[in-house]
Structures are given as structure tokens and as C-alpha cells.
Amino acid sequence: MASWLQAVVVLSALVLFPVSVESVTRHYKFNVVQRKKTRLCATKSIVTVNGKFPGPTVYAREDDRLVVKVVNHVQENVTIHWHGVRQLRTGWSDGPAYITQCPIQSGQSYTYNFTLTGQRGTLLWHGHVNWLRATVHGAIVILPKRGVPYPFPKPDKEEIIVLGEWWKSDVEAVINQSLQVGRAPNVSDAHTINGLPGPAPNCSSNGYTLHVESGKTYLLRIVNAGLNEELFFKIAGHQLTIVEVDASYVKPFKTDTIFIGPGQTTNAILTADQDAGKYLIAISPFMDTTVATDNQTATGVIRYKSTTAFSPTALTTIPPRNATPVTNSFMESLRSLNSKEYPTKVPLEIDHSLLFTIGIGINPCATCQNGSRVVAAINNVTFVLPTTALLQAHYYGISGVYTEDFPGNPPTPYNYTGTPPTNIQTTNGTKVYKLAFNSTVQVVIQGNSIVAPESHPTHLHGFNFFVVGKGLGNFNPNTDPKKFNLVDPVERNTISVPTGGWTVIRFRADNPGIWFMHCHLEVHTTWGLKMAFLVENGNGPNESILPPPTDLPKC
Ligand SMILES: *[C@@H]1O[C@H](CO)[C@@H](O)[C@H](O)[C@H]1NC(C)=O
Ligand SMILES: *[C@@H]1O[C@H](CO)[C@@H](O)[C@H](O)[C@H]1NC(C)=O
Ligand SMILES: *[C@@H]1O[C@H](CO)[C@@H](O)[C@H](O)[C@H]1NC(C)=O
Ligand SMILES: *[C@@H]1O[C@H](CO)[C@@H](O)[C@H](O)[C@H]1NC(C)=O
Ligand SMILES: *[C@@H]1O[C@H](CO)[C@@H](O)[C@H](O)[C@H]1NC(C)=O
Ligand SMILES: *[C@@H]1O[C@H](CO)[C@@H](O)[C@H](O)[C@H]1NC(C)=O
Ligand SMILES: *[C@@H]1O[C@H](CO)[C@@H](O)[C@H](O)[C@H]1NC(C)=O
Ligand SMILES: *[C@@H]1O[C@H](CO)[C@@H](O)[C@H](O)[C@H]1NC(C)=O
Ligand SMILES: *[C@@H]1O[C@H](CO)[C@@H](O)[C@H](O)[C@H]1NC(C)=O
Ligand SMILES: *[C@@H]1O[C@H](CO)[C@@H](O)[C@H](O)[C@H]1NC(C)=O
Ligand SMILES: *[C@@H]1O[C@H](CO)[C@@H](O)[C@H](O)[C@H]1NC(C)=O
Ligand SMILES: *[C@@H]1O[C@H](CO)[C@@H](O)[C@H](O)[C@H]1NC(C)=O
Ligand SMILES: [Cu+2]
């Protein structure tokens with residue numbers, strides 16, 4: 001009866017106000033099941049959503065509500081994170097295991113329920129417990145509100161391109177082995193484009209093909225769902241026009257190479273303006289230090305209509321693995337649109353000015369091969385996951401789960417990008433940093449040079465942040481702020497902090513709850529490069545976290 005009444009209300013609203021923009025609830029069912037998949041001439045069973053790899057695309061419009069029932073039919077624990085979704089007051093639906101929820105255990109289900117507010121473009125969803133994300137991921141498409149145009153010419157067609165990584169072994173075995181030994185896990189055996197590596201050595205297999213028609217335009221919604229590698233994306237003979245990243249519009253610019261880290265999304269317009277034929281799509285890793293990568297280039301093709309079967313494929317060069325200038329040029333070209341419709345609201349006054357050093361450390365480990373293990377830390381704290389979810393502990397006032405003393409600055413200042421300190425041990429902790437509702441935050445994310453400096457794609461849950469500055473070496477609090485872009489900095493949820501350098505982000509803590517911040521290289525998350533912000537409730541009517549859903553999983 002109630003739903004019938006609601007339907008009538010919605011209908012009459014439509015009849016009375018035909019131009020009013022109705023938001024709707026969109027329902028999805030995610031059955032988490034094992035499926036056998038063959039890649040690189042070998043078959044293995046993987047955890048999937050609805051049997052698909054990559055998983056199903058979730059479609060919605062800005063302001064819609066998404067209700068996704070996740071049913072766990074596998075032995076492994078499952079959670080799903082809606083990466084980049086603001087989750088205003090609905091932290092219970094964010095997904096990271098032991099941060100906002102306990103895992104959905106085998107045989108159980110949980111319904112994620114949230115709205116998509118103030119965002120439009122492409123995001124991704126992915127598993128957020130252990131290394132589940134390797135095979136449990138897919139795209140989220142947020143279309144503009146009905147009747148609202150894109151701020152760029154409407155492309156003729158849209159295409160989703162999900163990049164990933166494939167291991168011949170079971171990925172849980174890969175990380176388990178790495179933790180036992182105390183050293184870096186094996187790199188993947190292939191990169192993938194929509195689940196396919198393309199032709200591999202000694203293994204005939206087809207790659208991904210995008211069929212295009214001459215003269216038409218295509219909005220490519222590109223997602224890096226890989227675990228441990230930042231990637232370059234190129235298409236032979238074509239320029240791409242970047243129009244959006246992480247579900248925020250940017251000032252359009254042309255490039256022939258996209259730089260995209262795990263957890264990042266990029267919308268690019270491809271114009272089919274070349275002669276009929278086949279053009280290579282190439283995905284290759286970026287690494288400007290000594291850390292090992294999977295060096296396999298995944299390939300696909302763009303194929304024009306009426307291309308003959310024997311037509312050769314136009315090739316492209318891939319950037320060198322250490323092409324730092326290419327990454328800088330791409331990141332520096334990203335500017336938020338900052339238009340009348342989409343103003344850039346970067347905080348100008350800062351309540352909390354924080355400096356987070358991020359990097360690797362080495363701790364003793366009696367059971368490990370050489371008596372030590374590689375860990376990672378923020379401000380020397382290696383974050384240890386609790387066994388009760390932080391959000392529940394916060395909401396119900398359960399003590400002993402976390403402490404509120406996460407350091408806002410490094411405990412002992414040192415030359416972060418110079419000769420590392422002789423003692424490179426870290427401290428274990430389950431610490432959060434507390435923020436008052438609606439306070440403004442600046443975080444200088446400072447990479448350090450302990451063991452191996454490395455580029456860290458750093459992700460914040462629950463917020464978009466503005467990237468106001470970046471540079472090499474140590475952040476200088478006297479001179480560097482003068483160079484900040486406070487006019488049109490790019491707004492995103494994941495940013496690559498340069499190797500041996502720093503990035504400064506700003507955000508407004510207008511979303512009460514517990515929000516995870518971590519390196520989106522899964523290996524670094526596992527090692528402890530993670531922390532959480534606790535944002536208190538405000539005093540206003542809509543400024544408190546909502547009560548937990550009744551089916552919230554228990555630990
Ligand atoms: C989703 O949340 C809304 C707002 O709290 C609530 O009205 C609705 O019943 C929920 N839907 C489901 C399926 O839980
Ligand atoms: C990995 O380790 C976890 C925790 O010890 C264990 O439950 C799981 O079975 C292991 N998985 C594999 C594939 O070794
Ligand atoms: C990791 O790679 C090493 C060396 O190639 C191999 O011996 C080992 O079996 C691999 N581990 C897993 C879990 O695949
Ligand atoms: C491919 O096969 C050739 C011939 O059998 C062999 O020499 C080569 O090592 C193989 N390459 C790989 C990557 O397995
Ligand atoms: C990948 O390439 C780099 C640089 O060329 C090299 O040092 C490294 O050994 C390669 N890694 C693998 C796994 O082949
Ligand atoms: C252990 O130490 C030896 C000797 O320094 C080295 O060769 C080996 O690679 C180390 N093993 C690991 C897992 O770090
Ligand atoms: C830090 O170390 C680097 C590399 O040795 C050096 O160039 C720089 O001057 C040092 N910075 C400070 C503040 O000492
Ligand atoms: C990190 O913490 C460890 C353990 O408390 C300590 O020994 C080390 O000096 C600290 N390092 C830094 C850089 O603060
Ligand atoms: C730190 O935490 C890890 C588990 O994450 C544990 O194995 C290790 O023993 C702890 N180290 C100390 C010094 O407490
Ligand atoms: C947050 O603070 C800003 C600036 O002080 C103010 O304009 C805004 O109304 C506040 N928002 C809420 C929800 O309190
Ligand atoms: C609180 O939210 C409700 C429902 O979205 C809305 O109708 C109401 O106007 C909001 N109140 C304030 C003070 O923002
Ligand atoms: C799954 O989650 C439950 C609840 O937190 C936990 O007790 C159990 O150990 C987890 N299982 C694995 C294999 O990690
Ligand atoms: Cu990292």
C-alpha cells in the first residue's frame with residue numbers, strides 16, 4: 001500500500017511539474033560467486049560479482065538513490081566500497097572492512113543504500129577486504145540530472161574501459177606468501193583492458209576491441225581498477241580530450257597519454273578522425289624508482305567500420321616505465337572546470353594544518369625469512385586493523401577499539417627526502433584523527449625516502465579534496481604555499497604523491513563519520529599505509545550520521 005501511494009505521489013508530481021527533476025531509487029543485486037576464467041592460456045577460479053570480470057556497471061543519475069543487495073555465496077569475506085561516492089551521512093554504506101563495517105561473511109547478505117549527491121561522471125566500486133578488489137570491481141556511471149547537459153559537446157556514444165591486473169596464481173596466495181616471507185608480493189602476470197590482456201607471448205587470445213565509426217565521438221569512461229600499479233594509457237594515432245576525473249568536471253585539454261593510478265577514473269573524448277583501419281590501445285606501468293612492476297603491455301584495438309580483415313594495426317610507442325615528465329604534464333594539465341554551474345569551492349581558511357609523511361619501514365618479525373618484514377606507515381604509524389569496525393565503535397561508544405591520538409605531524413622531523421634515519425622501525429597503532437563537523441583541513445602529504453621512495457596514489461574516503469600544490473623534495477611551509485592554486489585546483493578522491501616529493505590537499509569535513517585514508521596500491525594498504533579521520537556530528541538537523549541499517553554485518 002505504502003509503495004503504491006508513493007508511486008502515485010511521484011506520478012502526480014511528474015504530471016504537475018513536468019520539468020521538475022525527479023530522483024529515483026535504482027536497485028541492483030550483486031551475487032558474489034566463484035567463476036572459472038581463462039586468461040594467459042590458463043584457467044582458474046576467481047571471486048566475481050554475478051559471474052562477471054570486470055563486474056557489472058552500475059548506472060544512475062546525480063541525486064538518485066542506489067540500493068545494492070550483496071549476497072555472499074563464496075567462502076571468503078566480502079565488502080564492497082563505492083569508491084569516490086561521498087556517502088553523505090551514510091558511512092555504513094562506504095564498505096572498507098573493519099573501518100565502516102564488519103565483512104559480509106559466507107552465506108550472509110547486506111544492502112548498501114546511499115544517494116549520489118553533487119557528483120557526475122565515472123567512479124568505481126570494488127571489494128574492500130584483503131585483496132578481493134583484484135577480481136571484484138566494476139564501473140559506476142553517474143549521468144547528469146535529467147535535462148542537464150554535459151558541459152562539453154554530447155558524444156555520440158559512451159564506452160566503459162576498466163583496466164586491471166591478472167595473476168595466474170590465486171591473489172590471496174600471493175599476498176599471504178608475501179606476508180609470511182616479509183617481502184614484496186609477486187607482481188601481476190598481465191595488465192587487462194576490460195578483463196583481457198590481449199595477445200600474450202606463446203598464447204593466442206583476443207584482446208579488447210572498440211568498434212568506431214568515422215567522424216563520430218566517443219566518451220571513454222576509463223577506470224584503473226588494478227591493485228598495485230599506476231598506468232599509462234595510449235591510443236595509436238589519436239589524441240584524447242580529458243573532460244572529467246573522479247566524477248568532477250575539468251577544463252578540457254588534449255593529450256596523447258593518460259596517467260591513471262589505481263582508484264582513479266578519467267573521462268576522455270575520442271574523435272574517430274583517422275583513416276579507416278585498426279589502431280592499438282596500449283596500457284603500460286609507470287614506476288620511477290627501483291620497485292618491481294609487471295612490465296607486460298596490455299593491448300586492445302580501435303577498429304573503424306569498414307576496415308578490411310587484413311588491415312595492419314597502427315602501433316604506438318609506450319612511454320618509458322620511468323616517464324616522470326609525462327605524469328607531471330598530465331597532472332599539471334588537470335584544472336577543475338570552475339564555471340558558474342560548477343564552482344570550485346576550495347577552502348581558503350584552514351582549521352587543521354597537517355603534515356603526513358608516507359612511506360615504507362622495516363620491523364622485526366621472528367617468523368619471517370630474514371627476521372624482518374616490510375611495513376608502511378603514515379607519520380611513523382603502521383595502522384593495524386581492529387576486529388570491531390571503527391564506525392560501530394564510534395557510534396556505540398565502544399572503547400578500546402581505537403585511540404584518538406593520530407599524530408597531525410611527524411613525531412620526529414627529519415630530512416624526509418634526504419638520507420633516511422638509521423632507525424627505520426615504525427609504531428603499530430589503530431589511531432584516528434578527530435575533526436569537528438564542517439572544519440577545514442589541509443594535509444601536506446610528504447613522500448619519504450625510507451627504503452625506496454615511490455609514487456603513492458593516496459585515496460580519501462567520504463570527501464573530494466582539492467589538489468592545491470605539489471613539488472619535489474621536502475615541502476617548504478614558508479615558500480611553497482605562495483605557489484598554491486586556490487582558484488581552479490583539480491577536485492578528486494585519489495592523488496598520486498610524486499616519488500620523493502609532496503602533494504597538498506584541502507577539504508571541508510562536512511560529512512560526519514569515520515573516513516579511511518590510504519595508499520591505493522593494495523600492497524601498501526596491507527602493509528599499513530592507512531589511517532582514518534573521525535568527523536564529529538554537527539548540531540544542525542542534517543549534520544549527524546544516520547542510524548545503522550538493521551542488516552549491518554556483525555564481526
Ligand atoms: C534506504 O534508505 C532510505 C533513507 O534512509 C530509506 O527510506 C529506505 O527504506 C532504505 N531502503 C532500503 C531498501 O533499505
Ligand atoms: C590466506 O590467509 C588467510 C588468513 O590466514 C587464510 O584464511 C586463507 O585461507 C589464505 N588463503 C590462501 C589462498 O592461502
Ligand atoms: C611468486 O613468484 C615466485 C618466483 O617466481 C614463485 O616461486 C612463487 O610460487 C610465486 N608465488 C605465488 C603465490 O604465486
Ligand atoms: C615461447 O615459445 C618459444 C618456443 O617454444 C620459447 O623459446 C620461448 O621461451 C617462449 N616464451 C615464453 C615467454 O614463454
Ligand atoms: C621491468 O622493467 C624494469 C626496468 O626496465 C626492470 O628493472 C625490471 O626487472 C622489470 N621487471 C620484471 C618483473 O621484468
Ligand atoms: C634474506 O637475506 C639474504 C641475504 O642478505 C638475501 O639474499 C635474501 O634475498 C633475503 N630474503 C628476503 C626474503 O628478503
Ligand atoms: C635533504 O637531503 C637532500 C638530499 O641529500 C638535500 O638535497 C637537501 O638539501 C636536504 N634538505 C635539508 C633541509 O637539509
Ligand atoms: C618510529 O617509531 C619507532 C618505534 O617507536 C621509533 O623507534 C622510531 O625512531 C620512529 N621513527 C621516526 C622517524 O619517528
Ligand atoms: C604490529 O602488528 C602486527 C600485526 O599487524 C603484529 O604482527 C606485530 O607483532 C605488531 N608489532 C608490535 C611491535 O606490536
Ligand atoms: C560550513 O562553514 C562555512 C564557512 O564557515 C559556512 O558557510 C557553511 O554554512 C557551513 N556549513 C554548515 C553545514 O554548517
Ligand atoms: C534536512 O533534510 C531534509 C530531507 O533531505 C530536508 O527536507 C530539510 O530541508 C533539511 N533541513 C535542513 C535544515 O537543511
Ligand atoms: C571473516 O570475518 C569474520 C568477522 O570479522 C572474522 O571472524 C573471520 O576471521 C574472517 N575470515 C577470514 C577468512 O578472514
Ligand atoms: Cu603507496
Side-chain angles (χ1 to χ4, degrees), residues 81-88 91 94 96 99 117-124 244-250 260-266 331-332 334-338 342-358 378 406 408 432-447 455-471 475 480-481 483-498 501-520 529-535:
H81 169 50
W82 313 91
H83 183 113
V85 171
R86 290 286 323 270
Q87 298 289 1
L88 292 166
D94 192 38
I99 304 295
T117 310
Q119 300 181 281
R120 56 309 274 178
T122 308
L123 293 171
L124 68 153
E244 175 254 298
V245 293
D246 295 6
S248 313
Y249 293 131
V250 297
I260 185 166
Q264 293 186 323
T265 51
T266 302
M331 288 194 285
E332 284 156 17
L334 289 171
R335 299 299 172 101
S336 62
L337 191 56
N338 193 22
Y342 305 101
T344 304
K345 293 179 181 162
V346 53
L348 299 177
E349 307 286 330
I350 296 298
D351 299 319
H352 298 265
S353 190
L354 313 179
L355 173 63
F356 284 5
T357 57
I358 58 171
I378 304 179
F406 189 87
V432 304
Y433 190 94
K434 200 154 125 181
L435 298 169
F437 179 79
N438 204 34
S439 57
T440 53
V441 188
Q442 170 173 297
V443 190
V444 176
I445 314 170
Q446 172 73 61
S455 164
H456 297 280
T458 308
H459 174 46
L460 176 62
H461 290 226
F463 303 93
N464 279 348
F465 49 70
F466 296 96
V467 183
V468 299
K470 78 170 172 67
F475 174 73
D480 287 325
K483 293 176 264 171
F484 284 175
N485 175 4
L486 301 175
V487 177
D488 61 356
V490 69
E491 179 178 349
R492 47 191 331 174
N493 63 58
T494 307
I495 185 66
S496 179
V497 177
W502 50 270
T503 295
V504 182
I505 62 169
R506 288 187 176 191
F507 65 97
R508 179 178 291 280
D510 57 359
N511 191 11
I514 301 262
W515 304 109
F516 207 17
M517 182 169 171
H518 60 102
C519 178
H520 216 265
L529 210 170
K530 52 196 175 193
M531 58 80 67
F533 285 106
L534 186 167
V535 180

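This one's a predicted model, so the numbers in the text were calculated from it and none came from an experiment.
Put simply, CZ on R508 and CD1 on I350 are 9.0 Å apart, with the number rounded to the nearest 0.5 Å. Note that the OG atom of S496 and the CD1 atom of I260 stand 11.5 Å from one another [nearest 0.5 Å]. Rounding to the nearest 0.5 Å gives a distance of 10.0 Å between OG1 of T494 and CE of M517. Between the CE atom in M531 and the CG atom in L460 there is a gap of 9.0 Å [rounded to 0.5 Å]. With values rounded to the nearest 0.5 angstrom, N493 atom CG is found 6.5 Å from F465 atom CZ. In this structure, the separation between OG on S353 and CZ on R506 is 8.0 Å, given to the nearest 0.5 Å.
With contacts defined as side-chain heavy-atom distances shorter than 4.5 Å, the pair S439/H352 qualifies. Side-chain contact between E332 and K470 is present, with heavy atoms from C-beta onward closer than 4.5 Å. Using a 4.5 Å cut-off on side-chain heavy atoms (C-beta onward), V487 and N338 make contact. Side-chain contact between V250 and Y342: absent, with no pair of heavy atoms (C-beta onward) separated by less than 4.5 Å. Annotation: side chain of Q264 is not in contact with side chain of P457 (no heavy-atom distance under 4.5 Å). Residues L534 and L435 are not in side-chain contact: their nearest non-hydrogen atoms beyond the backbone lie 4.5 Å or more apart. At a threshold of 4.5 Å between non-hydrogen side-chain atoms, the residues P498 and T503 count as touching. At least one side-chain heavy atom of V85 sits less than 4.5 Å from a side-chain heavy atom of L123.
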Query raised in the report: Please walk me through it: do R492 and V467 pass side-chain contact (heavy atoms from CB on, under 4.5 Å)?
Result: CA-CA 8 Å; R492 47 191 331 174; V467 183; 4.2 Å; yes

Requested in this report: I would like to know whether I358 and I445 meet side-chain contact (heavy atoms from CB on, under 4.5 Å); could you show each step before the answer?
Outcome: CA-CA 7 Å; I358 58 171; I445 314 170; 3.6 Å; yes

Report task. Show your reasoning for whether side-chain contact (heavy atoms from CB on, under 4.5 Å) applies to L354 and Y433. Result -> CA-CA 10 Å; L354 313 179; Y433 190 94; 3.3 Å; yes

Query - Worked check of side-chain contact (heavy atoms from CB on, under 4.5 Å) between I514 and I99 - result: CA-CA 7 Å; I514 301 262; I99 304 295; 4.0 Å; yes

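Of all heavy-atom pairs between V497 and G501, the closest is CG1-O, 3.8 Å. Counting all heavy atoms, side chain and backbone alike, F466 lies closest to P347 at CD1-CD, 3.9 Å. Smallest separation of non-hydrogen atoms from P512 and F437: CD-CE1, 3.8 Å.
Not a single donor-acceptor pair under 3.5 Å links the side chain of D94 to the backbone N or O of W82. Formation of a donor-acceptor pair under 3.5 Å by the Q442 side chain with backbone atoms of I505 is not found in this model. A donor-acceptor pair is defined here as one N or O able to donate and one able to accept, closer than 3.5 Å; such a pair exists between the side chain of T265 and the backbone of T122. At least one donor-acceptor pair closer than 3.5 Å links the side chain of W515 to the backbone N or O of N511.
Applying the ring pair (Phe, Tyr, Trp, His ring centres under 6.0 Å) test between H518 and each of H81, H459, H83 identifies H459 as the sole match.
A donor atom on one side chain and an acceptor atom on the other are found under 3.5 Å apart for E491 and N464. Remark: the D488 side chain and the S336 side chain contain no N/O donor-acceptor pair separated by less than 3.5 Å.
The pair R86-D510 meets the salt-bridge criterion, with a side-chain N (NZ, NE, NH1 or NH2) lying under 4.0 Å from an Asp/Glu carboxylate O.
Relative ring orientation between F484 and F475 is described as parallel, the plane-to-plane angle staying below 30° on a 0-90° scale split at 30° and 60°. Relative ring orientation between F356 and F533 is described as parallel, the plane-to-plane angle staying below 30° on a 0-90° scale split at 30° and 60°.
H456 and H520 have their aromatic ring centers separated by at least 6.0 angstrom.
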